[in-house]
Asks: 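Dumping the structure here so I can ask a few things about it.
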Amino acid sequence: SSLKRVACPASNIECCVFFDLANTLKQTVFTDQCGTNAQSAIQLTFNDAIGFSMSGGPSEGTGADGSIIVFSETELQDPANSGVTDIIQTLTPLLQQFNISAGDLVQFAGAVGLSTCPGSPKLQFLAGRPNPTVPAALGLIPLSSDDVNTIFARLADAGFSPTELVQLLSAHSTAHVDSFTFDTTPTIFDTQFFLDVLLKGNATIPGARPSVAQAPEPSILAQEDVVRLQSDFAISQDSQTACIWQNMINNQQLMMNSFANAQFKLSITGQDQSQLIDCSEAVPTSTPFVGTSASFPPGTSVQDVQQACSSPFPKLE
Ligand code: HEM
Ligand SMILES: [Ca+2]
């Protein structure tokens, strides 16, 4: 309506719709601070975008194109998508309501969801992704049971290095699946995740869904429902990534900046950047970081660390 247009704070008029969408998302979907919908929306940005294969050719899906929503009946058959069913259902009506493309909706919702997480960087957002014409091939999303070299190869086929994968995995700092989480601070985007994954344990989380493969020596934090994914653990230990991983601990600024860069690249995977317009101005400012630095959770100490990087381990409280 003309009223809305007068009130639109965008400097680029084409971005007005994303200011409206941000308001609706915050009022109806991301009502909690870094709650389950926000976390699921962040995962959705990856599960959609990684459906891209340089070796498989253009018909194998085109990355960050929203095919995970438009062709959800097909793509939800991938067991790696078992956690995103609900958020897809929640977001789908917004396609018609705001008349935007599915790829834009997925990436914008992820950016707005992340902004509710204290400690998160403000993400860039480009608009104008065309709607998808084909579903992504099944099997392109890594599984937590995959071998680390399989995961690296899959990410390389989508254009991402092992270092960029570690940076993207910062998103597992704000993650849940059923009643368990990947670090002890699941509603804060902080470096605690990179510490918690290194803590060797002996207790398994019972009843985890099949998509959740646990590390060979599962989490010492299992009594707090923190799970060590086999894939996260393997990446923390691999010689290509062990020091990248360890260096994140207590390096909040590095985590924020490197995640923002890698996530921007993820958000335009398979897209022609020259055809997109910058609507970053519509992404809300992130909730400030209120947490403390990474620290050993109660009952754990440096003796529990499975250190794979030869640089000195950071000094922690
Ligand atoms: C090696 C690659 C990865 C593997 C194997 C993996 C695996 C998983 C698994 C098993 C879950 C639990 C929920 C489910 O079963 O779907 C999960 C959740 C999540 N993943 Fe990943 N992931 C990977 C990479 C990423 C990346 C790059 C991102 C970056 C955006 C990401 C963001 C998330 C988020 C935010 C959640 C929490 C979802 C929620 O709370 O609902 N993951 N991931
Ligand atoms: Ca956290």
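One-based numbering, in listed order, for ligands and for the atoms of each. In this chain, residues are counted from 1 in sequence order.
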Asks: Measuring from Ile220:CD1 to Thr300:OG1, what's the distance to the nearest 0.5 Å?
Replies: 6.0 Å
Asks: Can you sort out which atoms of ligand 1 are near Ala175, meaning under 4.0 Å from one of its heavy atoms?
Replies: 36 (C), 37 (C), 40 (O)
Asks: For atom 1 (C) of ligand 1, grab the closest protein heavy atom and report residue, atom and distance to one decimal in Å.
Replies: Ile151 CG2, 3.6 Å
Asks: Please verify the inter-ring angle class for Phe313 with Phe296; under 30° counts as parallel, over 60° as perpendicular, anything in between as tilted.
Replies: parallel
Asks: What atoms of ligand 1 come within less than 4.0 Å of a heavy atom belonging to Ser144?
Replies: 5 (C)
Asks: Does Gln306 reach the side chain of Gln237, with side-chain heavy atoms less than 4.5 Å apart?
Replies: yes
Asks: Considering only protein heavy atoms, which is closest to atom 39 (C) of ligand 1, and at what distance to one decimal place?
Replies: His176 O, 3.1 Å
Asks: Just checking, is any N or O donor in the side chain of Asp157 or Ser55 under 3.5 Å from an acceptor N or O on the other one?
Replies: yes
Asks: Report yes or no: does Ile188 have an N/O/S atom closer than 3.0 Å to the Ca ion (ligand 2)?
Replies: yes
Asks: With backbone taken as N, CA, C and O and side chain as the heavy atoms from C-beta onward, which portion of Leu168 lies under 4.0 Å from ligand 1: side chain, backbone, both, or neither?
Replies: both
Asks: Please write down residue, atom name and distance for the protein heavy atom closest to atom 3 (C) of ligand 1.
Replies: Phe46 CE2, 4.2 Å
Asks: Can the ring centroids of Phe264 and Phe125 be said to lie less than 6.0 angstrom from one another?
Replies: no
Asks: Looking only at N, O or S atoms, which one in His172 sits nearest to atom 21 (Fe) of ligand 1?
Replies: NE2
Asks: Would the distance check show the side chain of Glu281 and the main-chain N or O of Ser11 forming a donor-acceptor pair, the cut-off being under 3.5 Å?
Replies: yes
Asks: Please calculate the OD1(Asp190)-the Ca ion (ligand 2)-OD1(Asp183) angle and round it to 10 degrees.
Replies: 130°
Asks: Would Phe189 and Phe259 satisfy ring-ring contact (aromatic ring centres under 6.0 Å, His included), going step by step from the backbone distance to the final call?
Replies: CA-CA 11 Å; Phe189 189 85; Phe259 176 75; 5.1 Å; yes
Asks: Of the backbone atoms (N, CA, C, O) and the side-chain heavy atoms from C-beta on, which set of Thr174 has a member under 4.0 Å from an atom of ligand 1: side chain, backbone, both, or neither?
Replies: backbone
Asks: Please classify the Ile87 to ligand 1 contact at 4.0 Å (heavy-atom distances, strictly less than): side chain, backbone, both or neither.
Replies: neither
Asks: With heavy atoms under 4.0 Å as the rule, classify the contact between Ser40 and ligand 1 as side chain, backbone, both or neither.
Replies: both
Asks: Starting from atom 17 (C) of ligand 1, find the nearest protein heavy-atom neighbour and note its residue, name and distance.
Replies: Gln43 NE2, 3.4 Å
Asks: Quick test: of every protein heavy atom, which one is nearest to atom 11 (C) of ligand 1, and how far off is it to 0.1 Å?
Replies: Phe182 CZ, 3.6 Å
Asks: If you have a sec, read the angle at the Ca ion (ligand 2) from Ser173 atom O over to Thr185 atom O, to 10 degrees.
Replies: 90°
Asks: Should Asp304 and Lys200 count as an ion pair when the cut-off is N to O under 4.0 Å?
Replies: no
Asks: Please lay out, stage by stage, how Ile100 and Phe18 fare under the test side-chain contact (heavy atoms from CB on, under 4.5 Å).
Replies: CA-CA 9 Å; Ile100 53 170; Phe18 293 100; 4.0 Å; yes
